Amino acid sequence: MSDPQTSKNPVTVARLQVEAVIPPEKRGPGWDRHWRELEAYADAALEGAVGDWTVNLTSGRTQG
């Protein structure tokens, strides 16, 4: 596995920055799972996964 410090995954880089500030005792129960899921999404996008990875913020909302 590659060194996280030189990771091309932007989520891994962000995780290291956040974990440098937030001590382990302040992290919530889903901390690791949350980061692993985000890292997996970023890895898939970096590997050229097919599909629309954008978020439609107006989807499902009613106008008015």
Side-chain angles (χ1 to χ4, degrees):
M1 186 167 172
S2 65
D3 179 17
Q5 298 290 344
T6 61
S7 177
K8 294 194 185 306
N9 187 321
V11 175
T12 302
V13 174
R15 179 180 186 168
L16 292 171
Q17 292 172 349
V18 171
E19 288 181 343
V21 177
I22 307 298
E25 62 273 10
K26 296 287 187 179
R27 300 173 191 170
W31 184 273
D32 286 327
R33 181 176 152 229
H34 165 79
W35 285 106
R36 283 193 312 269
E37 289 175 353
L38 291 173
E39 287 169 333
Y41 285 126
D43 280 339
L46 289 171
E47 291 172 4
V50 177
D52 184 0
W53 287 81
T54 60
V55 176
N56 183 352
L57 297 177
T58 60
S59 177
R61 293 184 183 178
T62 57
Q63 299 291 327

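Worth knowing before you read on, the calculation uses all heavy atoms, side chains too, and leaves out hydrogens, waters and symmetry mates. Just so it is clear, the structure is predicted and the values come from calculations on it, not from any experiment. Start at 1 with the first residue, then count along the sequence.
Contact detail for Asp43 and Asn9: the closest heavy-atom pair is OD1-ND2, 2.8 Å. Between Glu39 and Thr12, the shortest heavy-atom contact is OE2-OG1, 3.1 Å.
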Quick one: do Arg15 and Asp32 satisfy salt bridge (charged side-chain N to carboxylate O under 4.0 Å, His left out)? Show the steps, please. CA-CA 10 Å; Arg15 179 180 186 168; Asp32 286 327; 2.5 Å; yes

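One hydrophobic cluster, built from ILVMFWY side chains closer than 4.5 Å, holds both Leu38 and Val18. Hydrophobic clustering, with ILVMFWY side chains joined whenever heavy atoms are under 4.5 angstrom apart, groups Trp31 together with Val21.
Atom CZ of Arg27 is separated from atom CD1 of Ile22 by 8.0 Å, given to the nearest 0.5 angstrom.
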